[in-house]
Amino acid sequence: MSEEKESKNFIQEIIEADLEAGTHEGRVHMRFPPEPNGYLHIGHAKAIWINFETAKMYGGKTNLRFDDTNPVKEDVEYVNSIKKDINWLGYQWEGDALYTSDYFEIIYGYAEDLIQKGVAYIDEQSAEDIAAQKGTPTKPGTNSPHRDRPVEENLQLFRDMRAGKYPDGAMVLRAKIDMAAPNMLMRDPLIYRIKHATHHNTGDEWCIYPMYDFAHGQSDSIEKITHSCCSLEFMHHRPVYNWFIEQLGIFPSKQYEFARMNVAYMITSKRRLLKLVEEGLVTGWDDPRMSTLSGMRRRGYLPESIRRFCALTGVQKRDNLQEMELLESVIRDDLNAKATRVMVVTDPLKLVITNYPEGQTEELPSKNNPQDENSGHHLMTLSREIWIERGDFMLDPPKKYFRLAPDKHVRLKGAYIIQATDHVTDASGKVTEVHCQYFPESKSGSDNSGIKVKGTMHWVDSTSGIPVELRIYDRLFTDPTPTSHEDKDFLEFYNKESLVVNDQAIAEKHLQEVGETEPLQFMRKGYFIKDQDSTKEKLVLNRTVALRDSWAKMQKK
RNA sequence: UGACCCAUGGUGUAAUUGGUAACACACCAGUUUUUGGUUCUGGCAUUCUAGGUUCAAGUCCUAGUGGGUCAACCA
């Protein structure tokens, strides 16, 4: 589904200009190129959205290419999770998934070509020496003593490198560009290094691997990618990208950079995400608090919500920090239209309806979704004793409190109007039971009692209610940008209350019958989804997001 | 003592390419509601600064200011 938007972002303008000029015969071909070294997160979702949606908009294609040039960091586990997450988000790449590693032979050929052309050389210096010669952004670098090695010698050494004659770190292949270039990346970048390591895709076939700068643009070119869109941090790589393409005379893919999307209270650094997992601060990559797609999926976020969030936040080149409120607003909006309404009491307090006959029960219909007339209904049981929310009864209520209090009237959602008549307290004065009378003529749907109430409360029958475990999530950090503090580690902002487990909640029996992936709204509480940890004995539910609560907001003031 | 990118309300994006600031979220005040949910209505900026070009500048020019990025045998 193409998210509607009349105004064009800068990438669309570039594409339309290309289309106008007839570049590449009007072909639009993009790609999403993750390195399979971790799980996809909300930042990747934006990149995926940009590539797939933009290509689709112009009748183009989008490849999925694993940028796997560093064998020591990559694994098939990640390849599989990445594919799954992209599909879940709602996208299907063109043809089979592609791998940069499938182009190793071609890329190797490109390297020999560069050597033949006299613009690449073997450098035998140590990493430290090479770094020292790079200079600084304000001071030009100095040439390597091996810079003018003869072509034949370079070729022989490079072939020996490939043949495995040298250990890791013994030498590298560098492009001969300009050690005085103001762009540090143009100062004779390394393009091949020795790594005697097993690759997830090519096994032990290679012991030399191309660097990013000598693999990405080449792969784009091999796939005849027309618009290679990446995030701003690769901006300085563009001249390098272009230089190689020109030297090699291969298909002229072009790179464009957009600002990555940052979301408040979320982090998108793979390294730091991994640390959260390793330190046990979350239960895994798919912990519902994580910014990973697998985490958001488990949290109950809908893929269409994430897509719409991406559309709403736009594409541009300035730094940005999206508020979590927007994400939550989109999620609530989508869930409001889809979630099945059920009643769950999170902090139970017994309510005895004294004039309701002992032993009697009745079944009352409850709409599955008032937003959707076709959603049907399910039945709730009512009996003499039910559970209500402890916070819904107050002995000494403040002004504008519409809930239950001594002598006050209130409606039990989908059932009857009741009036509190009495209550029981324990030795400490805590209310342990509330007594009330109900008005039979006030039955929901056929109310002719004439009683007006301001409050409607949710409740759960005590004879049929089932105990459930609720996992209440909050933002993972106490600071909107936990990684932006130079003097503090991001873990210092870890929110210890980011997960609160409630194992005393009681849900209406209908919860037993809802599907694994069916979005739920616990009326007056929030949106929930069943968790994979649920067992036959006990349902576990994750809170996706709370409902707006203007009463709580009012109370704070 | 460098190069490159960026600059519109609290946040994020827009502005028919020079024609008089729009939309969403947030916030505030109401409305609706058998969820204090939902709905609906109203309120909330003269576009970083200073010059300049022009009948007209958020859009163009100049100079500042502010923010970001750039050195890994990572991607």
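So that the names make sense, note that chain A is the first sequence line, chain B the second, and so on, each numbered from 1.
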With sequence neighbours left out, which residue pairs that include part of residues 120-132 of chain A fulfil the salt bridge (charged side-chain N to carboxylate O under 4.0 Å, His left out) condition?
Asp123(A)-Arg174(A), Glu124(A)-Arg149(A)

Where RNA chain B forms stems, i.e. three or more consecutive Watson-Crick or G-U pairs with both distances under 3.5 Å
B:2-7 with B:65-70, B:10-13 with B:22-25, B:27-30 with B:40-43, B:48-52 with B:60-64

Note, Trp551(A) side chain near Arg403(A) side chain (heavy atom, < 4.5 Å):
yes

With rounding to whole Å, what would you report as the distance between G9(B) and A72(B) at their C1' atoms?
41 Å

Classify the side chain of Thr313(A) and the base of U13(B) as holding, or not holding, a donor-acceptor pair under 3.5 Å.
no

What string of B, S and - do you get for nucleotides 69-75 of chain B 5' to 3' if you count protein non-hydrogen atoms under 4.0 Å?
BSB-BSB

Taken to the nearest 0.5 Å, the spacing of Ser219(A) OG from Asp68(A) CG works out to 8.5 Å

Residues pairing under ring-ring contact (aromatic ring centres under 6.0 Å, His included) where one sits in residues 168-194 of chain A, two or more places apart or in two chains, turn out to be Phe158(A)-Tyr192(A)

In terms of base orientation, is U16(B) syn or anti, with the syn window spanning 90° either side of 0?
anti

Are Phe439(A) and His409(A) close enough that their ring centres sit under 6.0 Å apart?
yes

Would you call Arg65(A) and Glu223(A) a salt bridge, using N to O less than 4.0 angstrom?
yes

Measure the distance from CG on Leu326(A) to C1' on U11(B) and round it to the nearest whole Å.
9 Å

Please determine whether a side-chain nitrogen or oxygen atom of Lys553(A) lies at a distance below 4.0 Å from atom OP1 or OP2 of C27(B).
yes

With a non-hydrogen cut-off below 4.0 angstrom, is Gly141(A) in contact with a base, only sugar-phosphate, or nothing?
nothing

Let me know the distance between NZ of Lys139(A) and P of G2(B), rounded to the nearest Å.
13 Å

Contacts to RNA chain B from residues 255-273 of chain A, heavy-atom cutoff under 4.0 Å, which residues?
none

Regarding Leu327(A), tell me which of base, sugar-phosphate or nothing describes its non-hydrogen contacts under 4.0 Å with the strands shown.
nothing

If each of Gln322(A) and Arg411(A) is mapped to the nucleotide of RNA chain B with the nearest heavy atom, which maps nearer the 5' terminus, i.e. the 5' end?
Gln322(A)

Residues Lys338(A) and Glu304(A) bridged, charged N to O under 4.0 Å:
yes

In whole angstroms, the gap separating C1' of U13(B) from CD of Gln316(A) amounts to 8 Å

Contact state string [nucleotides 36-47 of chain B, B base, S sugar-phosphate only, - no protein heavy atom under 4.0 Å]
BBS---------

Over how many whole Å does the gap from Glu325(A) atom CD to C25(B) atom C1' extend?
8 Å

Please work out if Gln133(A) contacts a base, only the sugar-phosphate, or nothing of the nucleic acid, heavy-atom cut-off 4.0 Å.
nothing

Do Phe522(A) and Leu511(A) have side chains that get closer than 4.5 Å, going by heavy atoms?
yes

Ion pair Arg411(A)/Asp447(A), N-O distance below 4.0 Å
yes

What integer distance in Å separates Glu13(A):CD from U13(B):C1'?
14 Å

Output the rounded distance in Å from CG (Leu412(A)) to P (U35(B)).
13 Å

What is the distance from CE of Met380(A) to P of U34(B), rounded to the nearest Å?
16 Å

Length of the CE-P vector between Met343(A) and U34(B), whole Å
15 Å

Considering the options His510(A), His378(A), Lys367(A), Glu518(A), which one meets the side-chain hydrogen bond (donor to acceptor under 3.5 Å, both in side chains) requirement together with Thr340(A)?
Glu518(A)

Could you check, using the six-membered ring where one of them is a Trp, whether Tyr241(A) and Phe234(A) have ring centers closer than 6.0 angstrom?
no

Within the 6.0 Å centroid threshold, strictly below: His200(A) and Phe66(A)
no

